[in-house]
Each structure stands twice: as C-alpha cells, then as structure tokens.
Amino acid sequence: MHETLEGTILQAQALSIHGAVFYDLLLQTAEGPRRVRCQDTFLSPPPQAGEKLRLELILGNVSSVERLL
C-alpha cells in the first residue's frame, strides 16, 4: 500500500538503532498528528520543528522525503 503524507514537524528526535541513525518525527497532518520514523539518509541537514515535509510511504515505511518551501 502506497501513501503520501504531508505535514509540519512538531518534534524531531534522533536515535541510534544498532548503529544506524533514525529520526522520530511527530508531524501535524491534515488528519491530525502522526508519528513516523525515517533513516537519516533521507534528511540532511537534520529536521527541525516547523519544517514542512512530504513523505512517501510503502507499507508504512518511509521510501522518500521531500522538504517543502
């Protein structure tokens, strides 16, 4: 199942899982708050609260991230 998610970052927290860096993101979407996790390779520089993102998810897993202006 494919899903496109757009929202504003409310919170962003970096965490390490078995040596790989991930970001836990809390997004405010049109449907309400949504928590997603993505690998740091999708976002450089690190995400900040207030940024707007478009995420593509496949089976609930982030496959791409785009910063929106």
Side-chain angles (χ1 to χ4, degrees):
M1 179 164 111
H2 181 267
E3 180 180 8
T4 300
L5 188 62
E6 284 190 21
T8 303
I9 299 173
L10 298 176
Q11 281 182 320
Q13 180 178 348
L15 62 127
S16 176
I17 301 174
H18 302 293
V21 177
F22 289 82
Y23 296 118
D24 267 344
L25 303 173
L26 178 60
L27 297 176
Q28 181 62 50
T29 68
E31 295 80 28
R34 175 92 179 258
R35 191 169 298 277
V36 295
R37 180 178 289 165
C38 68
Q39 200 162 4
D40 68 335
T41 55
F42 289 114
L43 287 166
S44 182
Q48 300 292 319
E51 286 187 301
K52 295 182 184 207
L53 301 177
R54 177 181 296 127
L55 296 91
E56 300 293 330
L57 294 94
I58 299 175
L59 298 175
N61 296 302
V62 176
S63 62
S64 72
V65 178
E66 177 185 355
R67 282 186 159 101
L68 303 174
L69 299 176

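One-based numbering along the sequence shown. These numbers come from the heavy atoms of this one structure, side chains and all, not from hydrogens, waters or symmetry mates.
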Measure the shortest side-chain to side-chain distance between [X] and [Y] over non-hydrogen atoms and say whether it is less than 4.5 angstrom.
{"X": "Arg35", "Y": "Leu27", "answer": "no"}
{"X": "Leu68", "Y": "Leu53", "answer": "no"}
{"X": "Arg67", "Y": "Pro45", "answer": "yes"}

Practice item. Return the set of residues passing salt bridge (Lys or Arg N to Asp or Glu O under 4.0 Å) with Arg54 (not counting sequence neighbours), or none when no residue passes. Key: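 Listed in chain order: Glu6, Glu66.
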Point to revise | Residues forming a side chain to side chain donor-acceptor pair (under 3.5 Å) with Thr4, sequence neighbours excluded | key: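 Once residues adjacent in sequence are excluded, the partners of Thr4 under the side chain to side chain donor-acceptor pair (under 3.5 Å) criterion are Glu56.
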Nearest heavy atoms of [X] and [Y], plus distance in Å:
{"X": "Thr8", "Y": "Gly50", "result": "CG2-O, 3.6 Å"}
{"X": "Tyr23", "Y": "Leu43", "result": "CE1-O, 3.9 Å"}
{"X": "Gln39", "Y": "Ala20", "result": "NE2-CB, 4.1 Å"}

Exercise for review: Kindly determine whether Leu26 and Gln13 satisfy side-chain contact (heavy atoms from CB on, under 4.5 Å), including the steps that lead there.
Suggested key: CA-CA 9 Å; Leu26 178 60; Gln13 180 178 348; over 6 Å; no
Point to revise | Of Ile58, Leu55, Leu57, the residue whose pairing with Ser63 passes side-chain contact (heavy atoms from CB on, under 4.5 Å) | key: Ile58
Check your understanding: Applying the 4.5 Å side-chain criterion to the ILVMFWY set and letting contacts propagate, would Phe42 and Ile9 be lumped into a single cluster?
Key ->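 Yes; tracing contacts between hydrophobic side chains, which count when under 4.5 Å, links both residues.
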Point to revise | Interatomic distance, Leu25 atom CG to Glu51 atom CD [nearest 0.5 angstrom] | key: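 CD of Glu51 is found 9.5 Å from CG of Leu25.
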Review point. Could you give the distance from NZ (Lys52) to CD (Gln28), rounded to the nearest 0.5 Å?
Key: 11.0 Å
